[in-house]
Amino acid sequence: MAERSPATRRFLGVVLALVFAFLYIPIGVLVALSFNEGGMPTVWSGFSLKWYGSLATNGQILSAALNTLIVALVSTVIATALGTLLAIGVEIRRRKGKALEALIFAPMIIPDIVLAIALLSFFSMLNVTMGLHTIVLAHVVFNIAFVCAVVRARLKSFDWSVVEASTDLGAPALTTFRRITLPMIAPAVIAGALLAFTLSVDEFIIAFFTAGAGRASTTLPMQIYAMIRFGVTPELNALATLVIAVSVTALALSQRINRTIAP
Amino acid sequence: MTSERVLLGIEAVTKRFGSVTAVDAVSLDIRENEFFALLGPSGCGKTTLLRMLAGFETPNAGRILLDGRDISAVPPNRRPVNLMFQSYALFPHMSVRANIAYGLEMERLPSAEIRARTDAIMATTQLSAMADRRPDQLSGGQRQRVALARALVKRPRLLLLDEPLGALDKKLRGAMQLELKRLQHEVGITFIMVTHDQEEALVMADRIAVLRNGHLLQCGTPNEIYERPADRFVADFIGVTNFIAGRAAPGGVAASGGLLVRGARPEALADGADAWAAVRPERLALFPGPEADNRIAGTVETTAYHGLDLQVHVRTALATAPLLVRVTAEQAERRPVAPGDTVEVGWSAADTRIFAKD
């Protein structure tokens with residue numbers, strides 16, 4: 001690549017700064033305003049943590065947060081188990097020259113709204129009573145694809161001869177999986193789980209469609225949506241800040257673990 | 001050392017992958033306590049054959065008998081056979097000790113016995129000092145020894161080694177060749193090694209099978225393979241050989257210009273058929289004595305000093321390529337030669353091998 005002139009480099013630097021500003025200024029403002037003392041969501045009047053305090057006493061928000069936690073944890077556990085097995089199965093088939101890749105990535109590519117409607121019709125067709133359990137199942141559907149993608153990336157560089165070595169040394173298939181394969185791909189499995197958890201925590205559309213009637217299965221994003229119809233309150237800013245904190249932590253952790261995976 | 005008892009019988013084993021026949025009706029008997037080498041260029045089927053012995057591939061036809069029992073259908077984890085992988089395939093998340101003990105744990109042995117046997121094999125393979133290290137903290141040679149120890153500790157009836165020295169640098173390889181031989185002698189286990197390195201096979205093996213395109217070309221001791229190769233391919237693959245093209249004629253091969261190269265002809269070869277006369281460079285003499293019944297005048301083209309010997313290329317009327325003559329350093333000192341010198345090259349008819357042109 002040719003060396004860029006200083007002027008070009010400066011220009012590109014400005015473009016980069018603008019892009020980052022565009023991406024992060026709204027989020028920065030939101031976080032800053034969550035510490036705003038006054039009730040006006042857009043006018044700064046002094047530092048305070050009182051909105052975080054009022055969050056902690058808001059029953060609706062707390063129950064929504066609990067629902068979100070349940071949905072995210074349960075769907076993550078299921079999707080991680082299934083997604084990991086799927087990744088291994090697909091990789092073994094691929095090595096034998098039989099691919100079915102496109103089918104696996106479909107839930108990642110299909111627009112959320114389409115998936116949401118499809119799942120809603122599916123559940124209604126089966127006459128399933130909707131609630132947290134249907135949200136969990138719906139989240140499992142797309143989370144499998146993400147876990148599978150992360151684990152497969154690791155399996156691409158996996159040395160399968162260790163599996164053969166384990167078999168050769170007398171281990172049955174399940175022992176090999178438990179003692180060799182799983183420990184070796186564990187970082188990718190954990191990274192996939194963290195990604196699934198993050199996606200589930202702030203997923204709105206699919207949860208909204210598959211939650212069914214009533215307040216009992218409201219998740220945090222749905223609660224925020226309901227609150228925002230009465231205007232943006234500082235309390236909402238504080239809640240959003242907490243959601244961001246959880247997501248960013250999980251994502252950062254996931255990437256960090258993924259980076260420790262062998263080259 | 002090697003007994004006459006047959007440990008492993010390979011009977012007309014064939015393996016096909018789609019339309020490709022990787023191993024074609026190969027039959028071999030491997031004896032108890034033998035160090036056996038499967039030798040051939042890449043793609044000759046030697047690794048596929050080894051993987052069938054380990055149980056990772058199932059033959060399409062033929063039988064594999066271990067101690068007289070057909071094991072063709074026995075899964076790899078139930079065979080008293082262990083494989084040392086070319087990439088070593090060490091478990092990266094386990095220490096050296098855990099890697100070695102793994103196979104014994106699979107046999108559900110008492111932990112005291114596992115510990116004792118692991119300690120013993122680590123002492124034999126000089127790994128005791130690094131028992132707690134992970135594979136990525138070891139050098140290539142140490143990793144190789146862990147892979148070997150991990151397979152040997154199970155005391156298999158048969159140890160399979162897939163290019164065991166392939167990943168080592170040249171100097172270490174020489175040392176490990178002798179080390180492997182010593183170990184095989186010490187543990188008294190039958191070894192079957194796959195290699196593409198003919199020198200390695202000659203140095204290490206009691207017997208060698210040469211394979212090409214899935215076919216077994218020749219099986220014999222290193223001396224038999226080197227001195228009496230079955231065909232032109234084996235002669236060319238093992239060591240260095242001078243080839244002289246011509247036609248079969250009474251008493252030998254008529255080379256270009258009607259010069260007769262004397263030697264014993266295989267009976268199947270008819271007069272006038274295309275043929276090769278082959279002779280090893282160390283069998284050629286630059287200043288032949290009266291016993292040399294093949295003689296040809298030539299001009300020295302190049303000389304190359306190799307320490308132990310001097311390799312001299314001599315241009316002659318016999319062949320388009322110059323003849324390679326290996327002169328011992330001692331001989332070269334007595335009668336020095338230089339490029340441009342006119343010399344006579346001679347050898348005995350008994351040292352000529354004659355092959356049909358394939």
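Labels below follow one simple rule: chain letters A, B, ... track the order of the sequence lines, proteins then strands, and each chain is numbered from 1. Both backbone and side-chain heavy atoms feed into the values below; hydrogens, waters and symmetry mates do not.
Contact annotation for R108(B): neither backbone nor side-chain heavy atoms come within less than 4.5 Å of a heavy atom of chain A. For chain A, the nearby part of E105(B) is the side chain; its heavy atoms alone come within less than 4.5 Å. Using a 4.5 Å cut-off between heavy atoms, L90(B) contacts chain A through its backbone alone, with no side-chain atom that close. For V81(B), the part sitting under 4.5 Å from any heavy atom of chain A is the backbone (N, CA, C, O) and nothing else. Proximity to chain A (any heavy atom under 4.5 Å) is shown, for R150(B), by both the backbone and the side chain. For a residue to count as touching a neighbouring chain, one of its non-hydrogen atoms must lie under 4.5 Å from one of that chain's; by this rule D159(A) touches chain B with the side chain only.
Between P76(B) and E164(A), the closest side-chain pair of non-hydrogen atoms is not below 4.5 Å. Using a 4.5 Å cut-off on side-chain heavy atoms (C-beta onward), M94(B) and I180(A) make contact. You'll find the side chain of V162(A) stays beyond 4.5 Å of the side chain of F85(B), heavy atoms only. Within the 4.5 Å cutoff, side-chain heavy atoms of Y102(B) are placed close to those of R179(A). Here the side chains of F91(B) and S166(A) are in contact, with some heavy-atom distance below 4.5 Å.
Within a 6.0 Å sphere centred on OH of Y24(A), other residues, nucleotides and ligands contribute 12 heavy atoms or fewer. Within 6.0 Å of atom CZ in R182(B), more than 12 heavy atoms from other residues, nucleotides or ligands are found, so the atom counts as buried in its surroundings. Annotation: L174(A), atom CG; neighbour count of heavy atoms from other residues, nucleotides and ligands within 6.0 Å does not exceed 12. Heavy atoms of other residues, nucleotides or ligands lying less than 6.0 angstrom from CZ of F158(A) number more than 12. Other residues, nucleotides and ligands place more than 12 heavy atoms under 6.0 Å from the CZ atom of F56(B). Under a cut-off of 6.0 angstrom, the local environment of NZ in K170(B) is sparse, with at most 12 non-hydrogen atoms contributed by other residues, nucleotides or ligands. Atom CZ of R9(A) sits in a crowded spot, with more than 12 heavy atoms from other residues, nucleotides or ligands closer than 6.0 Å.
Note: T167(A) leads V163(A), T167(A), T175(A), T176(A) in heavy-atom pairs under 4.5 Å with chain B.
For the atom pair H93(B) NE2 and I185(A) CD1, the distance stands at 11.0 Å (nearest 0.5 Å).
For the pair A89(B) and S161(A), the tightest heavy-atom approach, listed with the atom from each and the gap, is CB-OG, 3.3 Å. The two residues L169(A) and K154(B) come nearest to each other via the heavy atoms O-NZ, 2.7 Å. Minimum interatomic distance between A54(B) and D168(A) (heavy atoms only, all atoms of both residues): CB-OD1, 4.4 Å.
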